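Contents: one structure, followed by commentary.
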Amino acid sequence: MPRITLPDGSSREIQTGATVADVADMIGPRLARSAIGGKIDGEVVDLGSPLTRDCQIKILTPSVDDADSLHLLRHSCAHIMAEAICSLFPETKLVYGPPVENGFYYDVDLDRPLTPEDFAAIEARMAEIIKADRPFVRYEMDRDEGMRKLQAEGNRYKIDNAERAEGKLSFYVTGERSDSAFEDLCRGPHVPSTGRIGAFKVMQVSGAYYRGDQKEKQLQRIYGTAWPTKKDLEAHLFRLEEARKRDHRVLGKQLGIFSIHEEIGPGLIHWHPRGGMIRHLVENFWKDEHLKRGYDIVFTPHIASERIYRRSGHLEKYGDMMYSPMDIDGLNYYLKPMNCPGHYMIYLSDIRSYRDLPIRMCELGTVYRYEPSGTLHGMLRVRGFTQDDAHTFCTPEQLGQELDMLLELMDLMMRTFGYQYKAYLATRPEKYLGTLQEWERATNELQMAMERRGLAFEVDEGGGVFYAPKIDIKLIDSMGREWQGPTIQVDLQAAKRFEITYVGADNAPHETIIIHRTVLGSMERFIGGLIEHYGGAFPMWLAPVQILLASVSEKSADYAREVLARLKAAGLRTRLDVSHEKIGPKKHAARQEKIPYILVVGEKEAAEGTVNVNDRSGKSLGNQAVDAFIAHCRKLVAERALEPGA
RNA sequence: GCCGACGUAGCUCAGUGGUAGAGCACAGCUUUCGUAAAGCUGGGGUCGUGGGUUCAAAUCCCACCGUCGGCUCCA
């Protein structure tokens, strides 16, 4: 008799052949009613699965806090959607329908394009299937028999799936097994019956290449979402709406940060005054911190002749991403796609001694790269962008301390902007240049630097670039999303290709170590990300307008002007509103613009020499003397505090 | 680049073949006002661009451009 252990640590013996459902029943009738599956030794299984050996078991019930139960629910819902689509469009060939973050999709091969207008019919059919509450019935076949069955059905995708599967093939029928019943090759598991799907919605349809291969047929991918209850579904739709409000494209327009114009071209960013101010502040901070750490600021041209890009290998490797050349005096010139060659030329313009190293060059360098039209996305994916680029040229002995400094700089940047982050060590990919020893040495240096810092990291096996292993930092924003952040690469090829050397103490040339890194990525992507991270409510030091100064009526306008002069003299970016409006609408407008502080001045304030302070959350902070408020603001700016919050 | 949807006033959007609309924003006037959108009046659009169908096109068809959601790719 198998002995089972429950999550609370208790264990008991059960009849051989008892199922997960039987266990749920033993524990209690309420659990039995709500159970949708089980987890045996970490593997999610059907409620009807027999228990044949000693095991750890957990009964799964629908819950938004349990990823396993959500997957079970969503994967089952994908089947129901597939059945609905097949019944509406019998020529549909099913491909693959997994659960994903917040929902599921099903890829189908169907020549008639599905449109959002079809969703209502699909949802209606799904609702019928759910209402019928038909059981998901699993049956298995030997490989050969199963393959013969699939061959007879002639769906090449399912044959493909089956060929990849191990062992027996399993099928799921919804309802009684018969010629007319809906069934699908599937590994499972599923909820016990269709009626167990709480709430669902068909969300969108898009194209997706079979197996992600551009040369393969493009299928239709229909996305849906499913939740334990209607309330959960509504909460999810609400969250989507909230995320939409934080979208940097929405806020970028609303707050006057940037725009993109068809007349000028897609993927090309125009920084408006507010955006320009934010960028200016970020860049100043960036430059200050680099100068403090011994960097030299350099500038390199926006175009360069083909000679450099042949030598660098860019034309060969990145030619597809570079724009067509322009002819200047019979020689082809290209818009620069990267800053590195310019920095190498600066290094090579002189003989470098080991005494000169390390040389650290940084540049906010604008580059242009061809990105396919379908991939452009606001400020986050553009065709012209400014990288915060830097190269450190050093000796092998200096590499460790340089990496230490870079990790420290990276950490400062992330903390200042309020990001949590995760580190990854990306190791040698399949296609690589250089020797194994070089790779091992460089990878070790990166790993040791993270260990010295006590920085926890995961290894991204084979995730390095062909010329370098790297440290990748993924930053986590205020909504819990991960973004590609800083990256540090120890370049193993550039020194060879460009003959970048220094003269050692032995008076002989040695290959220079080159560290290639970025701490913000690009100004466009970084600030686009910041907009979403802060939901448009920039902290005091970054807010393009820090203070709105509003008079209660014209009677207080003169006092307001007086306060304005003092705020401006203190270097605070302040806007005055002495319009003939009531204080309510003035405050409302300032909050719409997410200005950190709103100062109300009326006759009372004028009499006592104070300002009435409100933050953008709507909270009143009472009256303060003008100097005290100025001191408070200057402190926030000097500390680059993340306050006041949204 | 591929699949699908969308493109109407500065913004958000309504308008399914018959003289272009609303709210917000903007301007003027009234109100001089105490903390989450005052009232009235007014200006503003060759309905993304170009073809076509029709007596008549924002509306139907075609092409192109752009945007959005995905796929692929990426700072």
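The basis for the numbers below is simple: all heavy atoms, side chains too, and nothing from hydrogens, waters or symmetry mates. Here the structure is a predicted model, which is why all the values come from computation and not from measurement. Note on naming: letters A, B, ... go to the chains in the order of the sequence lines (proteins, then strands), and numbering restarts at 1 for each one.
- For C3(B), the OP1/OP2 oxygens have no side-chain nitrogen or oxygen of Ser206(A) closer than 4.0 Å.
- For Lys253(A), a side-chain nitrogen or oxygen approaches OP1 or OP2 of U12(B) to under 4.0 Å.
- A gap of 30 Å separates the P atoms of G1(B) and U53(B), to the nearest Å.
- Contact annotation: Arg249(A) side-chain N/O to C68(B) OP1/OP2 distance is under 4.0 Å.
- Cation-pi check for Arg74(A) over Trp227(A) is met; the charged atom lies under 6.0 angstrom from the ring centroid and within 45 degrees of its normal.
- Contact annotation for Val367(A): no contact, since no heavy-atom pair falls under 4.0 Å across all strands.
- Aromatic ring pairs are classed by plane angle as parallel below 30°, tilted from 30° to 60° and perpendicular above 60°; the pair Phe258(A) and His248(A) is parallel.
- Contact detail for Asp389(A) and His343(A): the closest heavy-atom pair is O-CE1, 4.5 Å.
- Between the side chain of Thr416(A) and the backbone N or O of Leu412(A) there is at least one donor-acceptor pair closer than 3.5 Å.
- Phe104(A) places its CZ atom 16 Å from the P atom of G70(B), with the value rounded to the nearest Å.
- Computed from coordinates, the Gln254(A) CD to A25(B) P distance equals 13 Å when rounded to whole Å.
- Not less than 6.0 angstrom separates the ring centroid of Phe104(A) from the ring centroid of His71(A).
- The partner of U31(B), taking Watson-Crick or G-U wobble pairs whose two distances both stay under 3.5 Å, does not exist in any strand shown.
- Taking atom CG on Leu110(A) and atom P on G4(B), their separation rounds to 12 Å, with Å as the unit.
- Under the Watson-Crick or G-U wobble criterion, with both distances below 3.5 Å, G4(B) is paired with C68(B).
- At a threshold of 4.0 angstrom between heavy atoms, the contacts of Thr518(A) with the nucleic acid are absent.
- In this structure G18(B) sits in a base pair with C55(B), meeting the Watson-Crick or G-U test at under 3.5 Å.
- Between Met321(A) and Arg244(A), the residue anchored closer to the 5' end of RNA chain B is Arg244(A), taking for each the nucleotide with the nearest heavy atom.
- U54(B) and U41(B) have their P atoms separated by 45 Å, with the value rounded to a whole Å.
- Taking the six-membered ring where the residue is Trp, His75(A) and His79(A) present perpendicular rings, their angle passing 60° and hence far from 30°.
- Pairing for G42(B) is with C26(B), a Watson-Crick or G-U wobble pair whose two hydrogen-bonding atom distances lie under 3.5 Å.
- Atom name C1', nucleotides C62(B) and A57(B): the rounded distance is 15 Å, in whole Å.
- Look at NZ on Lys215(A): it is 11 Å from P on C73(B), rounded to the nearest Å.
- Summarising the geometry, the separation between OH on Tyr370(A) and P on G1(B) is reported as 5 Å, rounded to the nearest angstrom.
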Can you pull every protein N or O that's under 3.5 Å from an N or O on nucleotides 26-36 of chain B?
{"unit_1": "U32(B)", "atom_1": "O2", "unit_2": "Glu554(A)", "atom_2": "N", "d": "2.9"}
{"unit_1": "U32(B)", "atom_1": "O4", "unit_2": "His580(A)", "atom_2": "ND1", "d": "3.0"}
{"unit_1": "U32(B)", "atom_1": "O4", "unit_2": "His580(A)", "atom_2": "NE2", "d": "3.4"}
{"unit_1": "C33(B)", "atom_1": "OP2", "unit_2": "Lys555(A)", "atom_2": "NZ", "d": "2.5"}
{"unit_1": "C33(B)", "atom_1": "N4", "unit_2": "His580(A)", "atom_2": "O", "d": "3.4"}
{"unit_1": "G34(B)", "atom_1": "O6", "unit_2": "Glu603(A)", "atom_2": "N", "d": "2.9"}
{"unit_1": "G34(B)", "atom_1": "O6", "unit_2": "Lys604(A)", "atom_2": "N", "d": "3.0"}
{"unit_1": "G34(B)", "atom_1": "N1", "unit_2": "Glu605(A)", "atom_2": "OE1", "d": "2.8"}
{"unit_1": "G34(B)", "atom_1": "N2", "unit_2": "Glu605(A)", "atom_2": "OE1", "d": "3.2"}
{"unit_1": "G34(B)", "atom_1": "N2", "unit_2": "Glu605(A)", "atom_2": "OE2", "d": "2.6"}
{"unit_1": "U35(B)", "atom_1": "O2'", "unit_2": "Lys587(A)", "atom_2": "NZ", "d": "3.4"}
{"unit_1": "U35(B)", "atom_1": "O2", "unit_2": "Lys587(A)", "atom_2": "NZ", "d": "2.8"}
{"unit_1": "U35(B)", "atom_1": "O2", "unit_2": "Asn614(A)", "atom_2": "OD1", "d": "3.3"}
{"unit_1": "U35(B)", "atom_1": "N3", "unit_2": "Asn612(A)", "atom_2": "OD1", "d": "2.9"}
{"unit_1": "U35(B)", "atom_1": "O4", "unit_2": "Asn612(A)", "atom_2": "OD1", "d": "2.5"}
{"unit_1": "U35(B)", "atom_1": "O4", "unit_2": "Asn612(A)", "atom_2": "ND2", "d": "3.4"}
{"unit_1": "A36(B)", "atom_1": "N9", "unit_2": "Arg591(A)", "atom_2": "NH1", "d": "3.3"}
{"unit_1": "A36(B)", "atom_1": "N7", "unit_2": "Arg591(A)", "atom_2": "NH1", "d": "2.6"}
{"unit_1": "A36(B)", "atom_1": "N6", "unit_2": "Arg591(A)", "atom_2": "NH1", "d": "3.2"}
{"unit_1": "A36(B)", "atom_1": "N6", "unit_2": "Arg591(A)", "atom_2": "NH2", "d": "2.7"}
{"unit_1": "A36(B)", "atom_1": "N1", "unit_2": "Arg591(A)", "atom_2": "NH1", "d": "3.4"}
{"unit_1": "A36(B)", "atom_1": "N1", "unit_2": "Arg591(A)", "atom_2": "NH2", "d": "3.2"}

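- Along RNA chain B, the nucleotide nearest Leu219(A) and the nucleotide nearest Arg369(A) are compared for position; the residue whose nucleotide lies closer to the 5' end is Leu219(A).
- Of the nucleotides present, none pairs with A36(B) by Watson-Crick or G-U wobble criteria with both distances under 3.5 Å.
- Summarising the geometry, the separation between CG on Asp247(A) and P on C68(B) is reported as 9 Å, rounded to the nearest angstrom.
- One cannot find a donor-acceptor pair under 3.5 Å joining the base of C74(B) and the side-chain atoms of Arg383(A).
- Nucleic acid contact class of Gly521(A) (heavy atoms, under 4.0 Å, all strands): sugar-phosphate only.
- For the P atoms, the distance from A14(B) to C73(B) is 36 Å, rounded to whole Å.
- Only the P atoms considered, C64(B) is 15 Å distant from A5(B), to the nearest whole Å.
- Among the nucleotides C71(B), C65(B), C74(B), the one closest to any side-chain atom of Glu262(A) is C65(B).
- Comparing C26(B) with C68(B), their C1' atoms are spaced 29 Å from each other, to the whole Å.
- Within 4.0 Å (heavy atoms only), Tyr223(A) reaches sugar-phosphate atoms of the nucleic acid but no base atom.
- If you take CG of Leu380(A) and P of G69(B), they are 10 Å apart, rounded to a whole angstrom.
- Nucleotide U12(B) holds its P atom 12 Å from the CG atom of Leu251(A), rounded to whole Å.
- The separation of A9(B) from G44(B), taken at their P atoms, amounts to 15 Å, rounded to a whole angstrom.
- You'll find the ring centres of His632(A) and Tyr597(A) inside the 6.0 Å limit.
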Trace of the side-chain contact (heavy atoms from CB on, under 4.5 Å) decision for Arg156(A) with Lys217(A): CA-CA 12 Å; Arg156(A) 75 164 174 115; Lys217(A) 176 157 188 178; 4.3 Å; yes
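- Between the P atoms of U49(B) and C65(B), the separation comes to 15 Å (whole Å).
- Between Tyr419(A) and His533(A), the ring planes lie parallel to each other; the angle is under 30°, not in the 30° to 60° tilted range.
- Once the 5.5 Å centre distance and the 30° plane angle are applied, the aromatic ring of Phe385(A) is found stacked with the base of A75(B).
- There is no side-chain donor-acceptor pair under 3.5 Å between Thr225(A) and Asn102(A).
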